[in-house]
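Quick note on labels: first sequence line is chain A, next is B, and so on, each numbered from 1.
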Amino acid sequence: MIKALRGMKDTLSPLSQKYNFFIKNTTDIVKKYGYNFIETPLLEETALFKRSVGESSDIVGKEMYQFTDKGGNDVCLRPEGTAGVVRSFVENKLDRQQGQKYKFFYYGAMFRYERPQKGRLRQFHQFGVESFGESLVYEDVSIIQMAKEILDFFGINYHLKINSLGCDKCMPSYKDDLKTKLNSIDGLCEDCKRRRETNPVRVFDCKNENCQNLIHKLPRIKDSLCESCQNDFETLTSMLNDLNIEYEIDSNLVRGLDYYNKTAFEFVSSDLGAQNAVAGGGRYDRLVEFLDGKSTPAIGFAIGIERILDMIELPKTKRVGYYFGAMEDEAIEELYKQASYFRKKEKVTLSYDKKSLKAHLKGADKANSRYCVIIGENELKERKLWIKDLELKEEKLIDFFVQ
RNA sequence: GUGGGUGUAGUUCAGUUGGUUAGAACACCAGUUUGUGGCACUGGGGGUCGCGGGUUCGAAUCCCGUCAUCCACCCCA
C-alpha cells in the first residue's frame, strides 16, 4: 500500500470542515482590517529563503525541501510565507509607490523537513498577514489586536509574549557586545557555541539550564534599545494596556528568523504540546531592502493552522436538506428525477439502493438530513412523494414534480 | 540528527508463565415490526496480530533486524 510521506497528512472531513470554518472566519476578520488575499508560489528559488530567513537559521540550515529542477535551478518548497510575499511585493514594484500601504493575507502549505511530533508536521499550513509601508508603532498594536481578535473568535486559550529586538541603530552594537561577552564564557552547550557566531541573541532562547545560568546576567536587547525603539516599545505596551490586551514582556523571546527587528510577539497556548506557539510574528523593516527593494517598513504574523484547529470546536450542525430513498427497484429512476429537481435549491442525499423504509430513515439520520423523502410501491402508483420532517416528526404526501 | 513509548478488526483496546478455531466495546449490515428514524434485543460480515528472519513440537506472546507512528530534545506556526 502506498502511504503518504512522513509528516504529511490528508485533511478529511470533519477536519476539513474545521479548516474551512477557520479560513472563512479568519478571512472575514482580516478583511475588516483592510487585508487582501495574495497567493504566491509554493516553489521558489532557494536564494530567496537564504537571504530572507537567513543562512544561520535552522530552517535554512537543515529543514528545507531543496532540490535542483529539470532546468538546473536551485529551488525549494517554501518553509514560511513572508519571504514569498516580500519577493512578490518587490517584483511587482509596489515598493516604488512610496507612501502607499499594502496589506496582504495568505494561507496555504509550508514545508520543513523535521521530525514530526505533536503540532509539528513536514507539510503544515499557515494563515499569515503582511503589512507594508507602515512604520508607525500603531500598526504593531493593530496587528497584535487583530491576532487577538482571531484567537478570541475561536475561543482559544492563549498567553501573549512580546519583546523588542531593536533596530539597525541599536541591534548591531548590542550584538557585537553580546558576542564579546559570550566568547569570554566557558561551558556553553554546542548549540550556543554555534549561536554566538551566527546569531548571538538566540542564546537567550536556549532551554539548557546550564546555559541559562551562565548567561543569566548578560544584558538583554530590551535594556539596550535606542531612544526611538524604546519610545515605540513604551507606546506599544501602553496602548496594549489601554486596549485591555494582556501580555508578558519576555526578554528571552527571539524569533527564529533573521529578518525580524523591533516588535516581536508570540501567542502561546498551554492547550498545545511542547510546540506551544499558535501564532507568531513581528516587524521586519529591513527585509524589503534585503531583497533588492526600496527600503519599506513591514510587519506581519502567521498562525499555525493545524495547531489552532487542534483547539477549535466546530459548532454543532443542524439537520439540513433532504434524503431520498426508494423501496422498489422500479422507483429508483423516478426518485432520481425528483431528487434532481429538489437539488436545484436544497442539499439532497440520494440513495440508489432499494431498502426498507426503516433502513432509509436510518440513512437520513446518518446524513443529518432534515427531511426524508421516499418512493415506494404506493407512491409510485399514485405519483406522490412521501415526505417526513425528521425533526418535527410530521409526514405528508405531495405530488410528483413534473420536469 | 538524538532519546523514549507504541504497532492485534473500520476505530479504541484486551489477549495470563509461549498451548485448541485471536476476543470485547463502539461502528457497519440485517432481523425483531412483510411501510415509520435516534433506544433496546438477536444475529451477521470483517483480522497477513506492521514487515522480514530466528528459537520452539507449537509464537500475537521470546530474540534479532527493519519500517511506521506517537511523544520529547532541537527548532518553530
query = Would A:Tyr19 and A:His125 count as a ring pair (Phe, Tyr, Trp, His ring centres under 6.0 Å) if you check the C-alpha gap in whole Å, the side-chain angles of each, and the deciding distance to 0.1 Å?
reply = CA-CA 10 Å; A:Tyr19 185 93; A:His125 297 77; 5.7 Å; yes
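When Watson-Crick and G-U wobble pairs are counted only if both distances are under 3.5 Å, B:G65 pairs with B:C51. Nucleotide B:G10 is matched to B:C26 when pairs are restricted to Watson-Crick or G-U wobble geometry with both distances under 3.5 angstrom.
Side-chain N/O atoms of A:Lys358 and base N/O atoms of B:U32 include a donor-acceptor pair closer than 3.5 Å. Judged by distance alone with a 3.5 Å cut-off, no donor-acceptor contact links the side chain of A:Arg120 to the base of B:C70. Remark: the A:Arg307 side chain and the B:C76 base include a donor-acceptor N/O pair separated by less than 3.5 Å. A donor and an acceptor atom sit less than 3.5 Å apart, one in the side chain of A:Glu379 and one in the base of B:G35.
Between A:Gln275 atom CD and B:C73 atom P the separation is 6 Å, expressed in whole Å. When the C1' atom of B:U34 is taken as reference, atom NZ of A:Lys354 falls 11 Å away, rounded to whole Å. The distance between atom CD1 of A:Ile375 and atom P of B:G35, rounded to the nearest whole Å, is 16 Å. Taking atom NZ of residue A:Lys362 and atom P of nucleotide B:A30, one finds them 8 Å apart after rounding to whole Å. When the C1' atom of B:U69 is taken as reference, atom CE of A:Met8 falls 16 Å away, rounded to whole Å.
The same atom, C1', is picked in B:U8 and in B:G47; the two are 8 Å apart, to the nearest Å. Only the C1' atoms considered, B:G46 is 22 Å distant from B:C51, to the nearest whole Å. A gap of 13 Å separates the P atoms of B:G38 and B:A30, to the nearest Å. Straight-line distance between the P atoms of B:A25 and B:A68: roughly 35 Å, to the nearest whole Å. The gap from the C1' atom of B:G65 to that of B:C28 amounts to 38 Å, rounded to the nearest Å. Separation of the P atoms belonging to B:G58 and B:C67 is 29 Å when rounded to the nearest angstrom. To the nearest whole angstrom, the two P atoms, one in B:C70 and one in B:A27, are 27 Å apart. B:U56 and B:G18: their C1' atoms are spaced 9 Å apart (whole Å).
The shortest distance between the side-chain N/O atoms of A:Lys9 and the OP1/OP2 oxygens of B:C70 is below 4.0 Å. For B:A72, one of the phosphate oxygens OP1 or OP2 lies less than 4.0 angstrom from a side-chain nitrogen or oxygen of A:Gln117.
Figure legend: cation-pi geometry between A:Arg122 and A:Tyr113, with NZ or CZ positioned under 6.0 Å from the six-membered ring centre and within 45° of its axis.
Of the possible donor and acceptor atoms, one in the side chain of A:Ser52 sits under 3.5 Å from a partner among the backbone N and O of A:Leu48.
Only one option out of A:Tyr35, A:Tyr33, A:Phe37, A:Phe301 pairs with A:Phe105 in a ring-ring contact (aromatic ring centres under 6.0 Å, His included); it is A:Phe37. Here the rule is side chain to side chain donor-acceptor pair (under 3.5 Å) with A:Lys24, and of A:Thr27, A:Asp28, A:Thr26 only A:Asp28 fits it.
Nearest heavy-atom pair across A:Ala326 and A:His360 is O-NE2, 2.6 Å.
Nearest to the side chain of A:Asp365, among B:U2, B:G38, B:C74, sits B:G38.
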